[in-house]
There are 2 protein chains.
Amino acid sequence: MIFDATDQKLLDLLQEDSKQTNKELANKLDLSVTAVFERIKKLEKAGFIEKYVALINKNKIGKPFVVFCHIKLLQHSHDNVVKFEREVSHLNEVLECYHLSGDYDYLLKVLVADMAAFREFMIKKLTNINHISSTHSMFVISEVKHTTAISF
Amino acid sequence: MIFDATDQKLLDLLQEDSKQTNKELANKLDLSVTAVFERIKKLEKAGFIEKYVALINKNKIGKPFVVFCHIKLLQHSHDNVVKFEREVSHLNEVLECYHLSGDYDYLLKVLVADMAAFREFMIKKLTNINHISSTHSMFVISEVKHTTAISF
DNA sequence: GATGAAACTCAGCCTAT
DNA sequence: ATAGGCTGAGTTTCATC
């Protein structure tokens, strides 16, 4: 598939605002509406565009508290790893979970209402998952930058 | 403003797929098309919905390598902090930057092509910012979970 | 461009306060 | 009775071919 500078610009625009009409995009890219339409379909089919989503304000819905949580496992047998990953994926407070190199095995991004809710999460959910050896939590004081848009 | 269970469901649906038509949403929510339309406008105006974006596949555009980078500052004077935060925000490899409690001051999520590109980023960009005392990088082995959707 | 569908507007209705 | 959400019809604009 051909992927040129115009496709890049198009992805930049769609990553910023996916509700723009093809006409608006056409103006910005100096293309016809149909050309924009076809490029978008091409990018969707080729898997460049994964999905279109609404981003919502976490403060507005009462979950302003972000915690990053390092986790070390007791053992790293295949079964334990798979089980841990599956269980952690099902926790809806966990927005992101990464398997990492370094001292700790995993990094979790956890979203909750406040410190009390985080405590509940730790006690009732996280440490209820077996095979966790230790955890280390870091609280977000402020979000300096947060974007979903990848630059080229 | 009233915010009820239907609004929650609507936000859940829009966080999953913002390209659904109001008709589809109306069916899922058992409402009329107009009612859905009005609720969405209400949620946009009230700031619950921040923006609509396309999520793109980082592997497809040649940036599959994710690194989390802890950073400690030398001094924490107001000026240094502001300057650091501004400069780091301008780096397009940095998708996210958080001011954290704990041993390190900041956590950065960095997206690059590969280890060589990360090295370039560290040498040419990151450590070029003054007032950095130390850094500690952790490489993502696998992304176990990654969602932009916040649950209620 | 043409067309079918979607977004958006409006006027009036229903419900709860 | 008043406010708010709901509906369905009508109009404009968009996506799609």
Side-chain angles (χ1 to χ4, degrees), chain A residues 1-64 92 113 147-152, chain B residues 1-61 146-152:
Chain A
M1 197 198 81
I2 310 133
F3 180 76
D4 62 14
T6 305
D7 290 319
Q8 278 190 18
K9 265 194 218 164
L10 180 52
L11 286 182
D12 282 339
L13 292 168
L14 290 174
Q15 284 189 106
E16 197 48 49
D17 177 10
S18 63
K19 274 284 160 76
Q20 296 174 83
T21 64
N22 290 349
K23 191 175 173 181
E24 290 173 298
L25 294 167
N27 284 336
K28 291 176 184 171
L29 296 169
D30 213 12
L31 288 175
S32 72
V33 172
T34 304
V36 169
F37 175 75
E38 283 169 353
R39 277 176 187 265
I40 291 175
K41 289 302 156 204
K42 177 189 74 178
L43 292 168
E44 288 172 354
K45 283 198 184 101
F48 284 76
I49 297 172
E50 291 193 326
K51 61 198 307 200
Y52 298 94
V53 301
L55 298 181
I56 72 174
N57 185 324
K58 62 187 180 336
N59 301 312
K60 282 276 176 184
I61 62 160
K63 301 228 183 170
N92 64 18
T147 180
T148 54
I150 303 170
S151 342
F152 292 92
Chain B
M1 197 199 81
I2 309 132
F3 180 76
D4 62 14
T6 305
D7 290 318
Q8 278 192 15
K9 266 194 217 163
L10 180 52
L11 286 182
D12 282 339
L13 292 167
L14 291 173
Q15 284 189 107
E16 197 48 49
D17 177 9
S18 63
K19 274 282 160 74
Q20 295 174 84
T21 64
N22 290 348
K23 193 174 171 182
E24 290 174 298
L25 294 167
N27 283 336
K28 290 176 185 171
L29 296 169
D30 213 12
L31 285 176
S32 73
V33 173
T34 307
V36 168
F37 176 78
E38 284 170 350
R39 277 175 185 266
I40 291 175
K41 289 302 156 204
K42 178 188 72 176
L43 291 168
E44 287 171 355
K45 284 199 183 102
F48 283 77
I49 297 172
E50 291 193 326
K51 61 200 307 203
Y52 297 94
V53 301
L55 299 181
I56 72 173
N57 185 325
K58 63 189 183 332
N59 301 312
K60 283 276 175 185
I61 61 161
H146 187 195
T147 180
T148 55
I150 303 171
S151 341
F152 292 92

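Below, chains carry the letters A, B, ... as their sequence lines are ordered, and counting in each starts from 1. Note that the coordinates shown come from a computational prediction; the quantities given were computed from them, not determined experimentally.
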For [X] and [N], what is the distance between atoms [atom1] and [atom2] respectively, to the nearest whole Å?
X	N	atom1	atom2	result
B:E38	C:dC10	CD	P	12 Å
B:L25	C:dA6	CG	C1'	12 Å
B:I40	C:dC8	CD1	C1'	12 Å
A:F37	C:dT3	CZ	C1'	14 Å
A:K23	C:dG1	NZ	P	14 Å

Closest heavy-atom pair, A:G47 versus B:N57, reported as atoms and distance to 0.1 Å, is O-CB, 3.3 Å
Exercise. I would like to know whether A:K41 and A:E44 meet salt bridge (Lys or Arg N to Asp or Glu O under 4.0 Å); could you show each step before the answer?
Key: CA-CA 5 Å; A:K41 289 302 156 204; A:E44 288 172 354; 3.1 Å; yes
- Query: Could you give the start and end, 5' to 3', of the contact zone on DNA chain D for chain B, using atoms under 4.0 Å from its heavy atoms?
  - Reply: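 Result: D:dG4 to D:dA9.
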Rounded to the nearest 0.5 Å, the NZ atom of A:K60 sits from the CD atom of B:E50 at a distance of 10.0 Å
_Does B:T21 reach a base, just sugar-phosphate, or nothing at all? Heavy atoms under 4.0 Å._
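Contact class for B:T21: sugar-phosphate only.
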| task | Would you check, one step at a time, whether the test side chain to side chain contact (heavy atoms under 4.5 Å, CB included) holds for A:L43 with A:L14? | result | CA-CA 11 Å; A:L43 292 168; A:L14 290 174; 5.5 Å; no
Inset, instruction - Using a 4.5 Å cut-off on heavy atoms from C-beta on, say whether the side chain of B:R39 contacts that of B:D4. - result: yes
Open item on the list: Quick check: do B:L31 and B:L10 have side-chain heavy atoms less than 4.5 Å from each other?
Closed with: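 They are not in side-chain contact.
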